[in-house]
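Below, read A as the first sequence line, B as the second, and so on, with proteins coming before strands; counting in each chain starts at 1.
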Amino acid sequence: MATALCVSCSSKPSTVTDKDFLPGRRKAGKIIENLDVGINVRSPISTGDSPNMTRGMKSSLEQRRRLLSFVDSGCFENALHVFEEITRPSTFIWNVLIRGLTDNGFYQEAIDLYYRMEWEGVGSDKYTFPFVIKACVGLFSLVDGQRIHSRVIKMGFDKDLYVCNSLVIMYSKLGCIEQSEKIFADMLVKDAVSWNSMISGYVASGDCLSSLTCFRDMQAARISCDRFSVISILGACSLYGCLLKGKEVHCQVIRRQLDSDPMIETSLIDMYGKCGLVEYSDRLFNRVSQRSVAVWNAIIGAYGLNDEPVRSFSCFERMLESDNLDPNAVTLINLLPSCARMRALVQGKSMHGFAIRKGMFPHVVLETALLDMYGKCGCLNLADSMFVQMKETNLISWNARIAAYVQSGNEKGALHVFQDMCSEHLHPDEITFVNILPAYAETALPKEGQQIHANIIKLGFGSSIFICNALIYMYAKCGDIQAAQLVFNCIVYKDVISWNTIILAYGIHGFGEISVRLFSDMMAEGIKPNGSTFVSLLASCSICGMVDEGQNYFSSMKTEYNIDPGIEHYGCMVDLLGRSGNIDLAKHFIDEMPLVPTARIWGSLLSASRYHRNIELAELVADRILSLEHDNTGCYVLLSNMYAELRRWADVESIRCSMQSQGLRRTTACSLIEYNGKALQITNNDCSHAEASMIYDALDIISRKIGDDLHVCGVLKFKPPDLIRRRAHSAMYHSARLAICAGLLSTPVGTPVLVRKNVRICEDCHNAAKIISEMTDREIVVGDPKFYHRFSNGKCTCKDYW
DNA sequence: ATAGGGTTAG
């Protein structure tokens with residue numbers, strides 16, 4: 001950027017700001033005194049040489065020529081030096097210098113010079129203001145802009161077309177589109193620039209509709225649209241995917257023979273890409289004769305936006321092959337989402353390296369795009385270190401960082417980042433909440449969910465469909481299905497995601513019949529189901545044991561709805577068949593399915609073999625899983641638990657060693673409970689809380705009432721030699737039980753007790769919870785990552801399958 | 001001598 005230049009005096013480099021306006025005045029005063037002493041008589045400046053010029057005239061003309069040439073060549077030190085030598089420079093001279101400074105990025109200096117001009121009593125003219133107003137835009141200074149605007153009014157230049165156009169542009173670029181509107185409305189004469197400025201101002205403020213309206217009004221006012229209008233209005237069409245309007249503008253472009261204008265070509269390629277017609281972009285691109293970097297960037301972006309990462313990349317490669325074209329930051333920004341989409345971490349990293357070598361940093365947009373790519377490629381540490389080294393961050397980069405944490409399954413981290421962001425006095429927006437709500441969904445209790453919901457409403461995002469959909473899921477996962485239903489009810493225009501989410505919400509709470517009913521409600525409302533609808537529906541059927549219904553829906557997917565089952569659907573079906581009892585059928589299903597089984601698919605079969613206590617199958621399946629994911633902790637733990645149940649302690653030990661040698665650790669089981677209004681986190685055998693002794697006392701009383709744990713829960717399958725080992729595996733003080741007791745202690749009689757767990761509840765605790773619910777006559781709700789068990793009167797809604 | 005434009009992150 002511009003280095004500091006001194007415009008308030010020629011001796012010392014400094015700039016005059018509002019704060020030190022007084023010293024500036026003094027300096028300026030001195031200069032005037034000096035100049036006044038030096039030359040007594042000043043001649044009026046003439047525009048050309050004439051034979052009878054005086055010496056003074058000649059030298060002043062010479063100075064003016066030198067000044068102009070210095071300004072033209074960007075030598076401002078010299079230009080300013082000459083300027084200081086001129087006695088009483090004319091308004092024209094001042095204007096030339098202000099223009100030169102503005103055009104070369106010396107915005108502050110241009111503004112300072114204008115203030116000095118004003119102070120020295122040199123009258124500004126209609127030319128002065130467009131230059132200095134442009135400097136305000138460059139400096140992003142609304143304060144200066146408003147001050148200069150008031151000078152415009154006082155001096156009566158607010159009727160000048162050029163000055164008004166400059167003001168319209170200034171206010172729209174400084175984010176005050178209403179001010180632009182006001183000035184525009186008061187203009188008696190408007191030209192194409194005025195209209196175009198309003199149109200592009202609306203586009204910049206994201207107001208697609210106003211910009212289209214303005215474009216229409218412009219034509220109604222019989223101002224013919226030009227290339228500037230076309231480029232702006234295509235931007236408006238891109239904004240909300242107004243394909244029809246875009247095509248209409250394209251027709252006008254052809255009629256006006258503007259279709260070989262390089263910038264219009266770029267805008268058209270971009271517009272078709274953003275409206276989802278990438279074939280049109282491609283066709284246009286192939287006809288472009290002179291391919292600029294911007295055109296390449298547009299087509300790379302168009303493929304990226306239209307889910308064609310491979311073609312996006314091949315464009316990039318072709319671009320590299322063509323001569324004299326250097327990818328710039330925008331190229332990388334447009335390409336990085338394709339890296340993310342393909343999980344092409346190596347390519348993403350090489351983009352990063354390329355950017356470093358080309359000296360593109362710091363660049364907040366590029367850095368955020370890299371952060372996002374790293375997050376989506378599952379490299380949270382790289383995403384985070386990107387953020388840490390960023391010189392400038394903004395709401396978008398914070399949001400991307402939060403998303404990276406959530407995508408990596410680090411919900412706690414995401415919540416911390418969210419807190420940090422708020423303490424930096426950044427105001428969360430709609431996307432912040434859409435990103436952070438899944439973190440609440442995984443970690444929060446209903447009360448915390450209500451708090452974030454209250455914040456959302458307070459900030460005015462309560463009716464956003466994206467947020468409402470995220471809220472439905474959040475409440476359901478936190479255990480409050482009623483709140484989820486309420487949010488759903490309040491959505492005026494429910495979209496397919498709203499329906500998918502509420503269907504799954506009831507599924508995870510064990511109300512499969514409601515899920516099924518909601519699906520038919522959805523059909524009745526004329527909402528077309530998509531693949532995710534069937535994931536919700538099949539998951540609900542499988543969780544709730546509705547085997548026949550699930551199978552029917554699965555077969556109707558293709559026949560009735562023309563949706564090809566994806567890997568998630570097959571996963572649901574394995575779950576479903578697994579619990580039907582016919583485990584061979586489930587295995588056969590996997591062998592026959594047309595997609596390559598993933599570790600998750602095998603994981604479903606592993607769960608089923610555990611339930612049916614089929615250790616041979618479990619071992620076989622575990623082998624498959626570990627060959628796909630050697631670090632699948634869940635698989636080790638499940639197998640180890642099965643060995644423990646069979647008292648095969650040597651196998652238990654060997655799994656423990658195997659995990660240890662790989663540095664794998666069991667997830668520490670913990671339970672969450674609201675205790676006296678606050679979330680309390682409890683681990684197995686946890687004694688760390690102030691409330692611990694009370695909770696343990698309560699548990700002891702209950703244990704005694706329901707019998708010793710080994711009798712109640714051990715189911716007599718353990719013989720004395722196993723007792724010692726068994727004690728080490730005792731579920732007596734598992735977090736779930738401690739949490740249930742804490743809940744019983746801190747809530748009124750008759751209300752349900754709600755516990756959240758990070759791992760599935762063990763069989764012993766499940767049995768205990770059933771008995772406790774009967775004994776205390778309380779409803780106990782225990783949520784694990786998959787399902788909410790609802791215990792009452794000694795029974796659980798899972799019907800003992802989970 | 002004065003004003004407007006293409007490709008840019010969540």
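Geometrically, A:Arg283 engages A:Tyr280 in a cation-pi contact defined by less than 6.0 Å to the ring centre and at most 45° from the axis.
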request  = For the pair A:Tyr374 and A:His352, evaluate side chain to side chain donor-acceptor pair (under 3.5 Å) and give the outcome as yes or no after the intermediate values.
outcome  = CA-CA 10 Å; A:Tyr374 283 131; A:His352 192 169; 2.8 Å; yes

request  = Evaluate the criterion ring pair (Phe, Tyr, Trp, His ring centres under 6.0 Å) for residue pair A:Phe215 and A:Trp195; output intermediate values, then yes/no.
outcome  = CA-CA 8 Å; A:Phe215 182 63; A:Trp195 286 97; 10.0 Å; no

query = Could you go step by step and tell me if A:Phe129 and A:Tyr114 meet the ring pair (Phe, Tyr, Trp, His ring centres under 6.0 Å) rule?
reply = CA-CA 9 Å; A:Phe129 289 105; A:Tyr114 166 76; 5.8 Å; yes

key: Full working for side-chain contact (heavy atoms from CB on, under 4.5 Å) between A:Val168 and A:Met187   = CA-CA 10 Å; A:Val168 167; A:Met187 285 169 72; 4.2 Å; yes

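Between A:Phe70 and A:Phe76, the distance from one ring center to the other does not fall under 6.0 angstrom. For A:Trp296 and A:Phe285, the distance between ring centers is under 6.0 angstrom.
Looking at A:Ser292, its side chain comes within 3.5 Å of the base of B:dG6 through a donor and an acceptor atom. On a pure distance criterion of 3.5 Å, a polar donor-acceptor pair joins the side chain of A:Asp226 and the base of B:dG4. Judged by atom type and distance alone, A:Asn196 does not reach the base of B:dA3 through any side-chain donor-acceptor pair under 3.5 Å. No donor-acceptor contact under 3.5 Å links the side chain of A:Asp372 to the base of B:dA9.
Using a 4.0 Å cut-off on heavy atoms, the residues of residues 351-370 of chain A that approach DNA chain B are A:His363, A:Val364, A:Val365, A:Thr368, listed by number. Residues of residues 246-266 of chain A that place a heavy atom closer than 4.0 Å to DNA chain B, in numerical order, are A:Pro262, A:Met263, A:Thr266.
Between A:Leu234 atom CG and B:dG4 atom P there is a gap of 20 Å when expressed in whole angstrom units. Here B:dA1 presents its C1' atom at 16 Å from CG of A:Leu161, a figure rounded to the nearest Å. At whole-Å resolution of the value, CZ in A:Phe316 and P in B:dT7 are 20 Å apart. What separates CD1 of A:Ile133 from P of B:dA1 is a distance of 20 Å, to the nearest Å. Regarding A:Ile148, its CD1 atom lies at a distance of 15 Å from the P atom of B:dA3, rounded to whole Å.
Residue-nucleotide stacking is not present for A:Tyr127 and B:dT2, judged by a side-chain ring centre under 5.5 Å from the six-membered base ring centre and planes under 30° apart.
Proximity of A:Lys190 to the phosphate of B:dA3: no side-chain N or O atom is located under 4.0 Å from OP1 or OP2. Dashed line: the shortest gap from a side-chain N or O of A:Lys134 to OP1 or OP2 of B:dT2 is not under 4.0 Å.
Between A:Val203 and A:Ser232, the shortest heavy-atom distance links the atoms CG2-O, 3.5 Å.
Counting non-hydrogen atoms under 4.0 angstrom, A:Ser267 reaches the backbone sugars and phosphates but no base. Within the 4.0 angstrom heavy-atom criterion, no nucleotide atom of any strand lies near A:Val168. Nucleic acid contact class of A:Val193 (heavy atoms, under 4.0 Å, all strands): base.
Identified under the side-chain hydrogen bond (donor to acceptor under 3.5 Å, both in side chains) test for residues 161-175 of chain A, with sequence neighbours left out: A:His149-A:Tyr171, A:Asn165-A:Asp191, A:Asn165-A:Ser194.
Of the candidates B:dA3, B:dA9, B:dA1, the closest approach to any side-chain atom of A:Asp191 belongs to B:dA3.
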